[in-house]
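I'd like to ask some things about the structure below.
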Protein chains: 4
Amino acid sequence: MTVVQQLIDDGRLTDPGSAKGRLLAAAAQLFKHKGYERTTVRDLASEIGIQSGSLFHHYPSKEAILKAVMEETIVRNTALMQAGLSQAESPRDKVLALIRCELQSILGETGEAMSVLVYEWRSLKPDSQQHILALRDIYEQLWLDTLAEARAAGMVQTDPFILRRFLTGALSWTTNWYKADGEISIEQLALDALTLAVK
Amino acid sequence: MTVVQQLIDDGRLTDPGSAKGRLLAAAAQLFKHKGYERTTVRDLASEIGIQSGSLFHHYPSKEAILKAVMEETIVRNTALMQAGLSQAESPRDKVLALIRCELQSILGETGEAMSVLVYEWRSLKPDSQQHILALRDIYEQLWLDTLAEARAAGMVQTDPFILRRFLTGALSWTTNWYKADGEISIEQLALDALTLAVK
Amino acid sequence: MTVVQQLIDDGRLTDPGSAKGRLLAAAAQLFKHKGYERTTVRDLASEIGIQSGSLFHHYPSKEAILKAVMEETIVRNTALMQAGLSQAESPRDKVLALIRCELQSILGETGEAMSVLVYEWRSLKPDSQQHILALRDIYEQLWLDTLAEARAAGMVQTDPFILRRFLTGALSWTTNWYKADGEISIEQLALDALTLAVK
Amino acid sequence: MTVVQQLIDDGRLTDPGSAKGRLLAAAAQLFKHKGYERTTVRDLASEIGIQSGSLFHHYPSKEAILKAVMEETIVRNTALMQAGLSQAESPRDKVLALIRCELQSILGETGEAMSVLVYEWRSLKPDSQQHILALRDIYEQLWLDTLAEARAAGMVQTDPFILRRFLTGALSWTTNWYKADGEISIEQLALDALTLAVK
DNA sequence: AATGAATGAGCATTCATTCAT
DNA sequence: CATGAATGAATGCTCATTCAT
């Protein structure tokens, strides 16, 4: 968790204990379960125990909250992925590290925010999409580089672009069916997903 | 297309040339591109050249239109999959037939409706979800049976439930990135996807 | 009143008996007495006995109502002034006709709308201002031409532009103090105003 | 400027260099250009570099600021008019002094406040209107006395009440069209206005 | 004095739905 | 079947004002 703590200290991530941080967590949860459009600012406000008008003291619009949820998610997950990658050595371990890391993001505590990132894209204004896309590119490049390395090592036949996109879908979809209290662990799921990607 | 024509003749599918049929096609398109919530009944009505009030002579509510789009999609695709399966023999061919069929549903002419089925689930009332789920079970059983057969043949190691879910995500996500006018054909994409599933 | 009736028949003016017409009359009254900003759409709606949401069936925004009030006022008054001018012969009579006509607009039945035109200008969006300005130019040209004629006849020394502006202010201000039930008639007021302008 | 300095020393006028004074100047400017309703307390506060909450240490409400702007304007202009009158001798010079003085108030440095006095009247609470009216009566009496004197001298035919009201409108309207950097000086404008009033 | 987070009533506008014609 | 005026509840957002620090 030191990676995340460092981001908070650097001001690149909102402290989850602060008012803004609690708002973002509540927003991620509500946006995931009800959808952005069906979530009203009154829902958001009552979730953290303030009046709807007070929300606009923290963010200028509902859309800005959505954007913040997405931005924080990418920033955090990019850092986590870089940390995960730095501890892996073989191409296989690197791919596994990425899969494990993305699954943890999707299915762990911050899963709601990750889900929002995937499913509420249309609700962002074009400006905001542009901004998030730039951040997402950094994140995706980590994937593409790693898959290219695995391909160079002969472990993967499929084009990295296509493979990454299949994996994006396969992994993000887990949010719709995986139950943490079920029989299968995230680690096992990651291994299963790995067999999709490499031989 | 005879399979579909038969469903229309049987009254299990709406004739796409009829007023209702054109409404469903327009709804699928709008729901996909703007999202269900952001699509107004006025959008829907003007798309087929009537007034918004007149919509309610065809469907009792906006949600009923969403439900109908989803229902028709499942009914049509279940029939298409059954037709596809009946022409395949080996387990590998059967899996490829399912993948090809699902990709055609997602990326072809009726792709919008398929996308709606996946991404607008939350906007259905619980009653309607129940109803659609029952239809979906039939569809999913085709997948599970086929994957189990492939596993029995030693072509697949992963648990069919998990594998099917990975594939669901991977294939449905293609709607967000695949370009029909790009370099890769749907058939090639199906083959790439097949390598995810089987060795 | 035939001039006005003709405009209604031509579709250049809203029929005051129609729903839209009654809305415009009510808007003019409320905008004058409470100001545009302080008048809510609920005020407007309840004044004509409908719900606030129904207002938007007739006009797309509150500002559009303000714009319509102004536009109708200029169109009507331009026509009335042209009619008044056509019955005057001498330069003095023409100036008197314009003054009388403008005073009647300001102090008569449609006075509220005239007042709105003068005092709520800032509340119009720039686009709308542009549109109204074009109409106003026609109206003002009638004044400038007439004052120039009076000056050519030696009846006026002051520059017509400046004189017109002094008169605009003097006449529009009457709305703030003139009482119809007082001792002085509009005709007498017009004569008094005439002595401001000409010797 | 000694007249105004004396009022400041007497505590009847706020020192324009003080925090309150700068607030009133900013308020006058904003109220004129955006209108009272459209000017927010945040606008006001940011203009003088404080937070909106801090405004309420100086004035108990937004309306109190409007009232103060109006009150100061009348007090200052009444003093300036009295000073101007005391240096004029003939009835004609006296009327000219009043016109010049009022135009300078409207078009000079403090013009914004004068404009607010005229155009934001409706936004004052009735109590405050009462209070300002009492001050205004003193100011208006200077006008009425002077016009009555001119009439007694045969220079004016029109009833002083009516003439004053015409002049109020004509002069206050100049704020909407006069450009300080144009061809005509305020002095010339005053002479033009004088010819409206007297022969 | 000043801050700034919070309030809460109010605003213009949207929109699925109804229904008399 | 279709219209289109009307509904009325709901929405995102604003803003003067309060108050603990």
Side-chain angles (χ1 to χ4, degrees), chain A residues 18-20 23 36-46 48-66 123, chain B residues 18-20 23 36-46 48-66 123, chain C residues 18-20 23 36-46 48-66 123, chain D residues 18-20 23 36-46 48-66 123:
Chain A
S18 70
K20 272 191 156 186
L23 171 55
Y36 172 78
E37 301 287 347
R38 291 173 105 89
T39 301
T40 70
V41 293
R42 283 171 181 80
D43 290 338
L44 243 28
S46 83
I48 59 168
I50 60 172
Q51 296 282 18
S52 70
S54 308
L55 272 185
F56 297 87
H57 187 65
H58 300 289
Y59 288 97
S61 68
K62 183 184 167 189
E63 198 254 2
I65 297 174
L66 177 62
S123 295
Chain B
S18 70
K20 273 192 159 188
L23 171 57
Y36 172 78
E37 299 287 346
R38 292 172 106 89
T39 301
T40 70
V41 294
R42 279 177 177 76
D43 290 338
L44 246 28
S46 86
I48 58 167
I50 61 172
Q51 294 286 359
S52 69
S54 309
L55 226 51
F56 295 85
H57 287 289
H58 299 290
Y59 288 96
S61 69
K62 182 184 169 189
E63 198 256 0
I65 298 174
L66 176 62
S123 294
Chain C
S18 71
K20 273 191 155 187
L23 171 56
Y36 172 78
E37 300 286 348
R38 291 173 105 89
T39 302
T40 70
V41 293
R42 283 171 179 80
D43 291 338
L44 243 29
S46 83
I48 59 169
I50 61 173
Q51 295 284 13
S52 70
S54 308
L55 227 48
F56 295 87
H57 188 64
H58 299 289
Y59 288 96
S61 68
K62 183 183 167 189
E63 197 255 2
I65 298 174
L66 177 61
S123 295
Chain D
S18 70
K20 274 193 158 185
L23 171 57
Y36 172 79
E37 299 287 346
R38 290 172 107 91
T39 301
T40 69
V41 292
R42 279 176 177 77
D43 290 339
L44 245 28
S46 85
I48 58 167
I50 61 172
Q51 294 285 358
S52 69
S54 308
L55 226 52
F56 295 84
H57 287 288
H58 299 289
Y59 288 97
S61 69
K62 183 183 170 190
E63 197 254 2
I65 297 173
L66 177 61
S123 296

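We name chains A, B, ... by the order of the sequence lines, and we start the count at 1 in each one. Just so you know, these numbers use all the heavy atoms, side chains as well, and skip hydrogens, waters and symmetry mates.
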Within this structure, what is the CG-to-C1' distance between A:L66 and F:dG12, rounded to whole angstrom? 14 Å
I need the CD1-C1' distance between C:I65 and E:dA12, as an integer number of Å. 11 Å
Rounded to whole angstrom units, what separation is found between the NZ atom of B:K20 and the C1' atom of F:dA2? 16 Å
Proximal nucleotide (of E:dA2, E:dT17, E:dT13) relative to the B:R42 side chain: E:dT17
CG on C:L23 to OG on C:S54, rounded to 0.5 Å: 11.0 Å
Can you list everything that forms a side chain to side chain contact (heavy atoms under 4.5 Å, CB included) with D:S61? Sequence neighbours excluded, please. D:E63, D:A64
Holding to side chain to side chain donor-acceptor pair (under 3.5 Å), I want the full list of residues that pass it with D:Q51, two or more places apart in sequence or in another chain. none
N/O to N/O distances under 3.5 Å, protein versus nucleotides 18-21 of chain F:
none

Can you give me the closest heavy-atom contact between D:L66 and D:S123, atom names plus distance? CD2-CB, 3.8 Å
Range-with-range stems of DNA chain E (Watson-Crick or G-U pairs under 3.5 Å, three or more in a row): E:2-21 with F:2-21
How close do D:H58 and D:K20 get, counting heavy atoms only, and between which atoms? O-CE, 3.6 Å
Are any of A:H58's side-chain N or O atoms less than 4.0 Å away from OP1 or OP2 of E:dG4? no
Rounded to the nearest Å, what distance is computed from the NZ atom of residue D:K62 to the P atom of nucleotide F:dT17? 8 Å
When the nearest nucleotide of DNA chain F is assigned to B:I50 and to A:V41 on a heavy-atom basis, which residue is associated with the more 5' position? B:I50
Does OP1 or OP2 of E:dG4 have a side-chain N or O of D:Q51 closer than 4.0 Å? yes
Output all residues satisfying side chain to side chain donor-acceptor pair (under 3.5 Å) with C:T40, sequence neighbours left out; order by chain, then residue number. C:D43
From C-beta outward on A:T40, which listed nucleotide comes closest to its side chain: E:dA12, F:dG12, F:dA16? F:dG12
Nearest-nucleotide 5' precedence on DNA chain E, C:D43 against A:L55: A:L55
From OH of A:Y59 across to P of F:dT14 the rounded distance in Å is 17 Å
Just the rounded figure in Å: distance from P of F:dA6 to CD1 of C:I48. 8 Å
Residues at least two apart in sequence or cross-chain that pass side chain to side chain contact (heavy atoms under 4.5 Å, CB included) with C:K62, listed by chain then number, are C:Y36, C:V41
Between CD of D:E37 and C1' of F:dA16 the distance, given in whole Å, is 11 Å
Once rounded to the nearest 0.5 Å, what's the spacing between atom CD1 of B:I65 and atom CG of B:L44? 5.0 Å
List the residues meeting salt bridge (charged side-chain N to carboxylate O under 4.0 Å, His left out) with D:R38, not counting sequence neighbours, and say none if there are none. C:E37
Return the value, rounded to whole Å, for the distance between atom CG of C:L23 and atom P of F:dA6. 11 Å
